[in-house]
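Written out below as structure tokens is the structure these notes cover.
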Amino acid sequence: MRTRTERKWWRLMALVAAIGLLAAACGGDGDDGDGDGQAGEGGQTVSLLHGISGENEQAALQQAVDAYEEASGNTVEVEASPDFETIVVTRVTGGNPPDVALYPQPGLLRNIANQDAAVGFDSAGVELDTDNLVPGMVETGTFDGTTYGVVVKLGMKSLLWYAADDFGDYDVPDSWTGLVDLTDTIASDLEGEQGRAPWCIGIESGGATGWVATDWIEDLVLRLHGPDVYDQWVNHEIMFNSPEITEAFEALETIWFNENYVLGGTTGILQTPFGDAAAPMFDDPPGCFLHRQAGFITGSFPEDSELGTEYGMAYFPSDEGQPVLFAGDLAAIHSDNPVAADFVEFLTSTEGQEAWMSHDGAGSLAVRSDFDSGNYPTEALAQQGEILSNATVARFDASDLMPSEVGAEAFWTEIVAWLSGQQELEATLSNIDEAWPSE
């Protein structure tokens with residue numbers, strides 16, 4: 001493989017042919033973004049637009065940017081926007097695109113790519129170390145056979161949290177079937193005790209209420225039917241009311257609709273804010289023993305709680321393989337700037353990932369399967385990294401891949417209607433299917 005410096009000159013040749021097409025796609029005259037490749041003090045300049053919020057998370061990204069600038073001699077102009085989804089569409093379709101943008105929603109990148117407002121990685125000359133990237137990192141940003149983005153940071157969703165201090169003789173299950181059996185065992189042991197149950201679950205999230213339930217469904221689709229069915233479902237080649245997706249909803253129903261399994265029953269699920277849901281797990285005695293949520297939830301745990309003592313963490317188990325559900329950010333290119341490809345490659349490289357994920361504020365996982373878990377700043381992230389490195393397949397959050405009318409609207413609201421008893425499962429699934437926009 002060529003060195004990074006050698007590839008820059010080859011990209012210059014490859015990208016010349018794409019300049020005309022890209023300028024037309026972005027509605028510009030060739031002066032858009034940093035496409036003129038004007039040299040900064042150390043060389044070239046590349047612009048980056050992102051929507052990452054929080055001082056710590058931004059500081060972690062900046063550490064990766066600093067490492068790139070030091071290694072390459074180039075300059076990165078970083079722009080953070082709290083309204084990223086709106087700003088990026090305006091910029092890339094209005095003739096003022098950033099060279100590189102970080103997308104939290106692959107569906108948004110797909111829409112922009114469909115408008116010819118993103119540059120395919122082959123055209124940009126991006127060469128990724130695919131052998132050492134976690135499976136799914138490139139596939140997530142590949143649409144109709146062309147790669148427009150690559151995941152550069154991710155957050156693990158397939159996690160099971162449990163009351164470590166009070167788990168007693170219970171064993172952490174290594175299969176979905178075992179998890180259901182454990183749930184039943186704990187419920188039997190707690191029979192007659194008020195205010196205690198195997199599970200703590202809460203999905204209240206204001207206008208976004210319902211997304212916690214979609215995460216469960218997505219994990220269950222992966223566990224029951226694998227990545228091929230998952231991909232077909234995301235693309236609506238398999239309907240919500242198909243036997244496969246119906247089975248995933250029925251599996252969720254097994255736990256969520258059993259008043260003996262969940263603290264507060266379905267009423268508690270609907271009314272409890274998702275960030276508060278695990279709190280009873282830290283009571284003495286614990287109000288619940290099990291909780292499923294993404295890695296960020298530790299920020300809602302008691303400040304003095306410790307992993308391995310007050311609480312434990314494990315993989316949300318599967319009967320076959322080790323599929324992982326995740327969310328994250330994808331890097332995409334929107335200009336003819338030859339430095340853009342070099343910068344994207346660096347973000348996915350060992351050096352770039354170490355600089356980014358070793359920062360105390362990163363709170364994210366590396367996208368490389370060869371990443372040394374010892375570089376993570378916390379034990380929780382290190383353990384999550386081990387789970388990720390052993391993943392047989394990884395898939396991005398389905399609701400973020402689906403059209404917003406479905407993934408951020410009907411999928412949420414129809415599940416809430418089902419949980420509240422307003423409608424049966426069959427109507428719920430059919431209503432979600434009907435919300436899918438026509439081609």
Side-chain angles (χ1 to χ4, degrees), residues 50-54 56-65 67 102-106 128-141 149-161 215 218-219 222 227 292-301 307 311-318 321-331 344-398 400-401:
H50 69 85
I52 296 173
S53 60
N56 291 335
E57 292 85 351
Q58 290 187 15
L61 170 60
Q62 187 60 50
Q63 185 163 285
V65 168
L102 301 185
Y103 286 81
Q105 296 176 326
L128 298 171
D129 182 16
T130 54
D131 289 343
N132 290 304
L133 291 178
V134 172
M137 300 302 99
V138 177
E139 292 83 350
T140 299
V150 60
V151 180
V152 291
K153 80 175 183 73
L154 63 85
M156 176 83 70
K157 292 200 169 197
S158 302
L159 295 172
L160 178 69
W161 307 91
D215 279 4
E218 291 156 6
D219 249 335
L222 278 175
R292 182 223 166 271
Q293 188 52 274
F296 71 81
I297 198 60
T298 56
S300 298
F301 289 174
L307 177 64
Y311 68 92
M313 179 187 69
Y315 171 67
F316 188 67
S318 173
Q322 188 163 308
V324 164
L325 183 70
F326 71 94
D329 288 84
L330 291 84
V344 169
E345 286 181 5
F346 181 84
L347 290 179
T348 62
S349 70
T350 298
E351 183 180 359
Q353 289 286 291
E354 287 180 354
W356 195 342
M357 303 311 156
S358 64
H359 189 280
D360 287 345
S364 298
L365 298 177
V367 299
R368 297 184 63 89
S369 56
D370 60 351
F371 188 83
D372 184 352
S373 60
N375 289 317
Y376 286 115
T378 68
E379 180 59 27
L381 285 171
Q383 289 187 23
Q384 292 173 42
E386 289 295 323
I387 292 172
L388 184 64
S389 67
N390 292 321
T392 53
V393 65
R395 284 295 184 271
F396 206 96
D397 181 292
D400 285 335
L401 293 168

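If you read the sequence from its start, that first residue is 1, and numbering goes on from there.
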Test item: [X] side-chain N/O and [Y] main-chain N/O as donor-acceptor pair under 3.5 Å:
X	Y	answer
Ser364	Gly155	no
Gln322	Val393	no
Tyr376	Gln383	no

Distance (rounded to the nearest 0.5 Å) between [X] [atom1] and [Y] [atom2]:
X	Y	atom1	atom2	value
Ser158	Leu222	OG	CG	7.0 Å
Asp329	Ile52	CG	CD1	5.0 Å
Leu388	Leu381	CG	CG	11.5 Å
Arg395	Glu218	CZ	CD	13.0 Å
Thr350	Asp370	OG1	CG	4.5 Å
Lys157	Phe296	NZ	CZ	7.5 Å

Before giving the answer on side chain to side chain contact (heavy atoms under 4.5 Å, CB included), spell out for Asp215 and Asp397 the whole-Å C-alpha distance, their side-chain angles and the decisive distance to 0.1 Å.
CA-CA 7 Å; Asp215 279 4; Asp397 181 292; 2.8 Å; yes
Does the plane of the ring in Phe301 sit parallel, tilted or perpendicular to the ring in Trp161? Use 30° and 60° as the thresholds.
perpendicular
What salt bridge (charged side-chain N to carboxylate O under 4.0 Å, His left out) pairs are there with at least one residue in residues 372-387, not counting sequence neighbours?
none
Which heavy atom of [X] sits nearest to which heavy atom of [Y], and what is that distance?
X	Y	value
Ala391	Val324	CB-CG2, 3.6 Å
Val152	Met357	O-CE, 3.7 Å
Asp400	Pro104	OD2-O, 4.3 Å
Pro106	Thr140	CG-CG2, 3.6 Å
Ala64	Gly352	CB-O, 4.0 Å
Thr348	Arg368	O-NH1, 3.0 Å

Non-hydrogen side-chain atoms of [X] and [Y] separated by less than 4.5 Å:
X	Y	value
Leu154	Phe396	no
Tyr311	Ile297	no
Arg292	Asp219	yes
Tyr315	Pro323	yes
Leu160	Met313	no
Phe326	Leu365	no
Gln63	Ser358	yes
Pro377	His359	no

Would Leu159 and Ile387 satisfy side chain to side chain contact (heavy atoms under 4.5 Å, CB included), going step by step from the backbone distance to the final call?
CA-CA 9 Å; Leu159 295 172; Ile387 292 172; 3.9 Å; yes
Worked verdict on Leu61 versus Lys153 for side chain to side chain contact (heavy atoms under 4.5 Å, CB included):
CA-CA 10 Å; Leu61 170 60; Lys153 80 175 183 73; over 6 Å; no
Among residues at least two apart in sequence or on other chains, which ones pass side-chain hydrogen bond (donor to acceptor under 3.5 Å, both in side chains) with Asn132?
Asp129
